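Chain naming here is simple, since letters A, B, ... match the order of the sequence lines and numbering starts at 1 in each. Please read all numbers here as calculations on a predicted model, not as lab measurements.
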Number of protein chains: 2
Amino acid sequence: MVTKQDADLSRADSLAREIFSDVANKWAFLIIETLGDRTLRFSELRDAVEGISHKMLTQNLRMLERNGLVEREVHPTVPPRVEYTLTEPGQGLRATVDSMCGWTQRYLADIEAARGRFAR
Amino acid sequence: MVTKQDADLSRADSLAREIFSDVANKWAFLIIETLGDRTLRFSELRDAVEGISHKMLTQNLRMLERNGLVEREVHPTVPPRVEYTLTEPGQGLRATVDSMCGWTQRYLADIEAARGRFAR
DNA sequence: CCGTATCCCTATCGATACTG
DNA sequence: CAGTATCGATAGGGATACGG
């Protein structure tokens with residue numbers, strides 16, 4: 001028999017999985033890392049996140065906004081001015097991204113060595 | 001002038017970026033989380049990582065192996081038996097993935113709520 | 001059992017152009 | 001300046017088959 005708890009669990013699981021799929025990608029991580037605790041304009045972000053295209057930036061910002069990880073603030077001036085800031089959940093995820101950055105620094109040499117070995 | 005240190009830094013940066021691109025994807029994360037501190041066979045992994053295809057699994061395992069995050073052990077029996085285990089750098093990354101899993105659990109409700117709001 | 005290769009379709013991505 | 005839309009090119013990814 002499938003209980004209500006089971007249903008809730010599997011729903012939570014699939015939601016978690018979905019969030020994972022959304023968020024576990026390099027652009028999202030780089031955007032979150034770049035934002036940090038600052039507030040940045042769209043164009044500032046585009047310049048700061050090396051190699052990201054206009055399209056990828058908007059796409060990922062929408063995704064992050066949809067999941068409530070960034071707040072989007074529109075100043076109805078001309079020209080328009082749109083600013084992005086990490087929300088509290090966003091800051092929480094930032095801790096994860098930070099830990100990955102730390103990991104990368106820590107094991108950079110090991111990884112490079114592993115790559116060298118793998119070439120053979 | 002571009003000093004040697006500058007060159008080293010930018011090389012380290014681009015390598016770090018490359019590793020980031022490799023590893024910051026959902027399948028890699030799910031594989032790492034699934035492996036944990038266990039040793040699993042290819043087929044066990046495929047069954048354990050929900051929804052992953054044969055192809056994605058091999059592809060990601062090669063990538064992880066190339067970066068020295070998993071160790072691949074081949075038992076030359078018949079039928080063959082191939083086992084995968086996280087290396088020390090792999091375990092390090094696992095901490096990051098764990099932190100992301102914790103984050104997902106923690107903010108699941110907030111995120112769901114944000115999604116509801118965004119629908120409007 | 002595990003791995004690679006092939007086919008084939010789809011989603012992704014960059015470039016460009018256009019609107020408010 | 002910020003955002004959307006469109007269009008090709010290309011990479012991602014599933015299904016399948018076959019080799020070790």
Side-chain atoms of Ser53(B) come closest, of dA2(D), dG14(D), dC2(C), to dG14(D)
Side-chain contact check for Lys55(A): nearest option of dG3(C), dG14(C), dC1(C) is dG14(C)
Side-chain contact check for Gln59(A): nearest option of dC1(D), dG14(D), dC13(C) is dC13(C)
Would you indicate whether the side-chain heavy atoms of Ile52(A) and Leu30(A) approach each other to under 4.5 Å?
-> no
Between CE of Met63(A) and P of dC13(C) the distance, given in whole Å, is 11 Å
| Are side-chain heavy atoms of Arg115(A) and Leu15(B) found at a separation under 4.5 Å? | yes
Side-chain contact check for Met56(B): nearest option of dG3(D), dC2(C), dG14(D) is dG14(D)
The salt bridge (Lys or Arg N to Asp or Glu O under 4.0 Å) partner of Asp22(A) among Arg17(A), Arg66(A), Arg62(A) is Arg66(A)
Would a single hydrophobic cluster contain both Leu61(A) and Val74(A), if residues Ile, Leu, Val, Met, Phe, Trp and Tyr are joined by side-chain heavy-atom contacts under 4.5 Å? yes
Can you tell me whether the side chain of His54(B) and the base of dG14(D) have a donor-acceptor pair closer than 3.5 Å?
no
Here the distance between atom C1' of dC1(D) and atom NE2 of His75(A), to the nearest Å, is 13 Å
Regarding Arg46(B), tell me which of base, sugar-phosphate or nothing describes its non-hydrogen contacts under 4.0 Å with the strands shown.
nothing
When rounded to whole Å, the CZ to P distance for the pair Arg72(B) and dG3(C) reads 5 Å
Original post:
Between Tyr84(B) and dC2(C), is there a side-chain N or O to OP1/OP2 distance below 4.0 Å?
Top reply: no
Short side-chain N/O contact from Arg41(A) to OP1 or OP2 of dC1(D), under 4.0 Å
no
Rounded to whole Å, CG of Asn25(A) lies from C1' of dA11(D) at a distance of 15 Å
note: Trp27(A), atom CH2; dC13(C), atom P; distance rounded to Å ~ 9 Å
To the nearest angstrom, the CD-C1' distance between Glu65(B) and dC2(C) comes to 13 Å
Quick note, Val82(B) side chain, CB onward, closest among dA2(D), dC2(C), dC1(C) is dC2(C)
Taken to the nearest whole Å, CG/Asn60(A) to C1'/dT12(C) is 12 Å
Thr58(B) has its side chain closest, among dT4(C), dG3(D), dC1(D), to dT4(C)
**Message:** Looking only at side-chain N and O atoms, does Glu88(B) offer a donor or acceptor that is under 3.5 Å from a partner on Tyr107(A)?
**Reply:** yes
Whole-Å distance, Leu57(B) CG to dT4(C) C1', equals 14 Å
